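Shown next, in structure tokens, is the structure this report addresses.
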There are 2 protein chains.
Amino acid sequence: MREKLPPQRERAAAALSARATATRQRILDAAFVEFAEKGLAGARVDEIAARAGANKRMLYAHFGAKEALWLEVLETAYAAKRAEERAVEVADLPPAEAMAKLVAFNLRYVARHPEFLAILHQENLHRAAYLASSARVRALYSPLLESLRAVLARGEAVAIFRAGVDPVQLYVSMLGLSHFHLANRHTLSTIFGTAMDTEAAIAAREAHIIAVVLGYLRP
Amino acid sequence: MREKLPPQRERAAAALSARATATRQRILDAAFVEFAEKGLAGARVDEIAARAGANKRMLYAHFGAKEALWLEVLETAYAAKRAEERAVEVADLPPAEAMAKLVAFNLRYVARHPEFLAILHQENLHRAAYLASSARVRALYSPLLESLRAVLARGEAVAIFRAGVDPVQLYVSMLGLSHFHLANRHTLSTIFGTAMDTEAAIAAREAHIIAVVLGYLRP
DNA sequence: GCGGCAGGTAACCGTTCAGTTACCTCAGGG
DNA sequence: CCCTGAGGTAACTGAACGGTTACCTGCCGC
């Protein structure tokens, strides 16, 4: 009766034993890697189980279906990013420095977690169908966007930034400037013949996108 | 002997009949749609054949394998973009207007062809393995990058643009500003609750990214 | 007007995959 | 110490998939 019979989200209650929790976590981690590497359709359930040092029985006991596991991975990926965002403190910094920190954070985050990009793109391929079904993620409003709004207002107030900047547009721009370089690092480096994910390339990119954002924001 | 036996790229010579060419083209078009919608792993060969109003026999006769068809689609997608880029004429425009036109072109192109983004991301998921094997695409250097270099130099010469801007970085930024908004339109609109692919949203985005690029370029 | 063959059809094949079942193991409470 | 059931194993299943084969058709040169 515990598992699956009620089609609702399983095991909200029913605290798991330490061993079970560990197995569940290993499966989730393995799924994250496999999905990021091969996408939802390309990922293999057997491979996930093998990577996790578990097997399919346990995978299905914990998650019920490949797609449910995908949703869990997606939620985890978003939650992890939001959690790191929450740790970015910019309220004490002068506006320009604060803005630079926000921009750099995004670039560095995706450089550290390129799998996040892969998951995100896959989900967009599915027209965000799984994301749409996740109340949990939709409730996870970006702390970064809020910080950006505040910094923008502060900078505008002291006339360091131009007036009338739309925070959402700027937020999307900030993400775009960071993501594209890394999301397309393989095609870019094939075409330009230079690696995009070395520390040097990332540092150069960081300097550039900070210059773009701050250059734009000048009054 | 005609097909497949030599493992080289098939049918370079051997002009096809009009009917065969048409079938081949229909299969290619159908594959483009199917691959863009579901990715390489998610796409179904039967579905491609059905969409094309053909069948698998012909698909395999013309392309030999699903992956070879993918490569063909990828090459076609790149070639199509490069061809449209070649038609963008900016040499006669003042630097700022020329730059705005280049930026707008990219946004409008991906808005018109969101499938291009899907193909591009899939290829990056595969670490550009297929692209790497395509001498044809690697030879297709972007005319847009060349235009951008020229415009940048012109603007710098008359002190309308700041000095020392790296054209490749700016090119990547231009693409990032355009692509992200549309590549992630489904997750973005799920999270923000507003559609990203309406004409109004695209026009607003266009105005913003032009402002960002030109704002940055001010000396 | 007919023989050959490029172009097309559809049934088929072996493999792979998501998901299931039958069974084992072993910790812990009675 | 043995019984119970949660946690785990591995073999299995039916369907779907990529790719192939055996066969049909109608156009074109002769």
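Note on naming: letters A, B, ... go to the chains in the order of the sequence lines (proteins, then strands), and numbering restarts at 1 for each one. As the structure is a prediction and not an experimental result, all values here were calculated from the model.
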Could you give the side-chain donor-acceptor pairs of residues 39-50 of chain B under 3.5 Å, partners two or more places apart or in another chain?
residue : atom : partner : partner atom : Å
B:Arg44 : NH1  : B:Ala41 : O            : 3.1
B:Asp46 : OD2  : B:Lys56 : NZ           : 3.4

Tell me which nucleotide among [options] gets nearest to the side chain of [X].
{"X": "A:Arg57", "options": "D:dT9, D:dG19, C:dG19", "value": "D:dT9"}
{"X": "B:Lys66", "options": "D:dG8, D:dG19, C:dG7", "value": "D:dG19"}
{"X": "A:Thr23", "options": "C:dG19, C:dG8, D:dG8", "value": "D:dG8"}

Could you check how far [atom1] of [X] sits from [atom2] of [N], rounded to whole Å?
{"X": "A:Leu40", "N": "C:dC17", "atom1": "CG", "atom2": "P", "answer": "14 Å"}
{"X": "A:Arg44", "N": "D:dA16", "atom1": "CZ", "atom2": "C1'", "answer": "11 Å"}
{"X": "A:Tyr60", "N": "C:dT20", "atom1": "OH", "atom2": "P", "answer": "7 Å"}
{"X": "B:Arg26", "N": "C:dG8", "atom1": "CZ", "atom2": "C1'", "answer": "11 Å"}
{"X": "A:Leu69", "N": "C:dG19", "atom1": "CG", "atom2": "C1'", "answer": "13 Å"}
{"X": "B:Glu34", "N": "D:dG18", "atom1": "CD", "atom2": "C1'", "answer": "14 Å"}
{"X": "A:Met58", "N": "C:dT20", "atom1": "CE", "atom2": "C1'", "answer": "13 Å"}
{"X": "B:Phe63", "N": "C:dG8", "atom1": "CZ", "atom2": "P", "answer": "12 Å"}

What pairs meet the salt bridge (charged side-chain N to carboxylate O under 4.0 Å, His left out) rule with one or both residues in residues 103-122 of chain A, with sequence neighbours excluded?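 Qualifying pairs: A:Glu84-A:Arg112, A:Arg108-A:Glu199, A:Arg108-A:Glu206.
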Would you say B:Thr187 and A:Glu123 are linked by a side-chain donor-acceptor pair, where the criterion is simply a distance under 3.5 Å? no
Short side-chain donor-acceptor distance under 3.5 Å, A:Ser173 and B:His208: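 Side chains of B:His208 and A:Ser173: pair found under 3.5 Å.
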Listed by chain and number, what are the side-chain contact (heavy atoms from CB on, under 4.5 Å) partners of A:Ser147, not counting sequence neighbours?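 A:Ser147 satisfies side-chain contact (heavy atoms from CB on, under 4.5 Å) with A:Val90, A:Leu102 once adjacent residues are dropped.
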Please list, chain by chain and in numerical order, all residues satisfying side-chain contact (heavy atoms from CB on, under 4.5 Å) with B:Ala111, sequence neighbours excluded. B:Leu182, B:Ile202
Specify the residues of residues 45-55 of chain A, ordered by number, for which at least one heavy atom lies under 4.0 angstrom from an atom of DNA chain C. A:Val45, A:Asp46
May I ask you to verify whether the side chain of B:Lys56 and the base of C:dA10 hold a donor-acceptor pair under 3.5 Å?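 Looking at the base of C:dA10, it does not pair with any donor or acceptor on the side chain of B:Lys56 (distance under 3.5 Å).
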Who are the side-chain hydrogen bond (donor to acceptor under 3.5 Å, both in side chains) partners of A:Asp29, not counting sequence neighbours? A:Gln25
